[in-house]
Peer 1: 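Sending over a structure as structure tokens; questions will come in a sec.
Numbered from 1 within each chain, the chains take letters A, B, ... in sequence-line order.
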There are 2 protein chains.
Amino acid sequence: MTVSRTAEKSSEKPADAGKGRKDAGELQTEALQLGELSEQLGYVLKRAQLKVFENFLRCMASLQLTPAQFSVLLLVEKNPGRNQTEIASTLGILRPNFVAMLDNLESRDLCARIRSTNDRRSHILVLTDKGKAVLARAKKLVATKHEARLNDLLGQANREALIGMLAKIANEF
Amino acid sequence: MTVSRTAEKSSEKPADAGKGRKDAGELQTEALQLGELSEQLGYVLKRAQLKVFENFLRCMASLQLTPAQFSVLLLVEKNPGRNQTEIASTLGILRPNFVAMLDNLESRDLCARIRSTNDRRSHILVLTDKGKAVLARAKKLVATKHEARLNDLLGQANREALIGMLAKIANEF
DNA sequence: TGATAATTGTTATGGACCATATCAAATATC
DNA sequence: GATATTTGATATGGTCCATAACAATTATCA
């Protein structure tokens, strides 16, 4: 496995390696054989994940939300009043790394830290009005431009089966 | 989306956030609701990918091969005589980043760079005898300990369907 | 109650991975 | 034969991830 995300204009497009063949005399460079690689779970998983994140970023360009930021907003909306540790650990984010992330979201007035009155060590997280509005718009963009693409590609039934299998791997592998 | 790999002993296990409940008086911390997050393609994809890579590393601990290194060995074996640019770009690795990777594999005598006689700029890549032997052992470990786990979890048919859908996403999304 | 331990948010820091610019050597192009 | 391109390589910066450590606060319990 491996595969890097690689931006738009990059000449490292993984798929078409071995192009740029010489039209001249010598035996031209044929495309490489992926072989067993295309059957390797990790390889294809990683490649798919990079493509999906890439598409997500494009869809959310107008809102400037990364997948991670989107997940934070979603989780805070669904679980208002939780502290940083709870939100971060649920998302698999280490607390130290969550600080800068929140600094960013807070500086954009999307969410706010509130000192808890019960436990003055912790910061309760809530979405601001702007945060709720942005998240609502983000959800629509994701649904119509991002997730909808999966239905076009796989069909509704396969899409649900895929999500289910991935969830099973994530939880039981 | 988000989710970090998180080693074994970490206290950041994403699943069981909201444990450590206080047995004392106050209303204890209930588990957080993932909500729409568990249906987000990117979120579940990333989580599954991390789990799979984690398991891959465990299975290959005796050979000390990362997923990326394994993919390089596989590709070089399948396509002997190709140069660094071809192998790297096929895997989506940028050439500058491929140098250190090859330095590593070469220092372990798993593969070798050979100056091409046709084009003295390029380095032809080949597996050493040790490289072939290690790769053979790696394949067996992956097949029996890693990929086999997918069959146990999903069944043969679902496993193939999953790989197919992921490949489709990787290529057409 | 008061000493000690644990928790929370935070900072600092280092590692792994990824991306770009740039270079010398070699080759291609015209 | 002058110029452009390609190849492997170096240097460098960015992002993400992980650990240690700290101050403030709270829990524990002798």
Peer 1: Compare the minimum distances between each of dA20(D), dG8(D), dG9(C) and the side chain of Gln84(B), then state the nucleotide with the smallest one.
Peer 2: dG8(D)
Peer 1: Among Arg149(A), His146(A), Glu147(A), find the one that has a side-chain contact (heavy atoms from CB on, under 4.5 Å) with Cys59(A).
Peer 2: His146(A)
Peer 1: Before you tell me yes or no, could you show the steps for Gln156(A) and Glu160(A) under side-chain hydrogen bond (donor to acceptor under 3.5 Å, both in side chains), namely the whole-Å CA-CA distance, both residues' side-chain angles and the distance that decides it to 0.1 Å?
Peer 2: CA-CA 6 Å; Gln156(A) 175 72 17; Glu160(A) 292 176 7; 2.5 Å; yes
Peer 1: What's the CZ-P distance between Phe98(B) and dC18(C), to the nearest Å?
Peer 2: 13 Å
Peer 1: I'd like to know if Arg121(A) reaches the base of dT7(C) with its side chain, counting only an N/O donor and acceptor under 3.5 Å.
Peer 2: yes
Peer 1: Just the rounded figure in Å: distance from C1' of dT6(D) to CD1 of Ile124(B).
Peer 2: 14 Å
Peer 1: Atom CD of Glu54(A) to atom P of dT15(D): distance rounded to whole Å?
Peer 2: 17 Å
Peer 1: Could you check if a side-chain atom of Leu127(A) sits within less than 4.5 angstrom of a side-chain atom of Leu110(A), using non-hydrogen atoms only?
Peer 2: no
Peer 1: Whole-Å distance between dA20(D) P and Leu94(A) CG?
Peer 2: 12 Å
Peer 1: How many whole angstroms separate atom NE2 of His123(B) from atom C1' of dT6(D)?
Peer 2: 13 Å
Peer 1: I need the CG-P distance between Asn118(A) and dT25(D), as an integer number of Å.
Peer 2: 15 Å
Peer 1: Nearest-nucleotide wise, let me know which of Asn83(A) and Asn97(B) is further upstream toward the 5' end of DNA chain C.
Peer 2: Asn83(A)
Peer 1: Measuring to OP1 and OP2 of dA26(C), would you say a side-chain N or O of Arg120(B) lies under 4.0 angstrom away?
Peer 2: yes
Peer 1: Where the side chain of Pro96(A) is concerned, which of dT25(D), dT10(C), dA21(C) is the nearest nucleotide?
Peer 2: dT10(C)
Peer 1: Between atom CG in Asn104(A) and atom C1' in dC16(D), what is the gap in whole Å?
Peer 2: 14 Å
Peer 1: Any chance you could lay out the ring pair (Phe, Tyr, Trp, His ring centres under 6.0 Å) test for Tyr43(B) and Phe70(A), step after step, and finish with the verdict?
Peer 2: CA-CA 10 Å; Tyr43(B) 179 74; Phe70(A) 179 67; over 10 Å; no
Peer 1: Please give, in whole Å, the distance from dA21(C) C1' to Arg95(B) CZ?
Peer 2: 13 Å
Peer 1: Just by distance, with hydrogens left out, do Arg113(A) and Gln84(A) show a side-chain donor and acceptor under 3.5 Å apart?
Peer 2: yes
Peer 1: Could you say whether Ser122(B) or Thr117(A) is positioned toward the 5' end of DNA chain D, judged by the nucleotide with the nearest heavy atom to each?
Peer 2: Ser122(B)
Peer 1: Measure from the side chain of Arg113(A), starting at C-beta and using heavy atoms only, and say which of dT10(C), dG9(C), dA11(D) lies closest.
Peer 2: dT10(C)
Peer 1: Tell me whether the OP1 or OP2 atom of dT7(C) has a side-chain N or O from Thr85(A) closer than 4.0 Å.
Peer 2: no
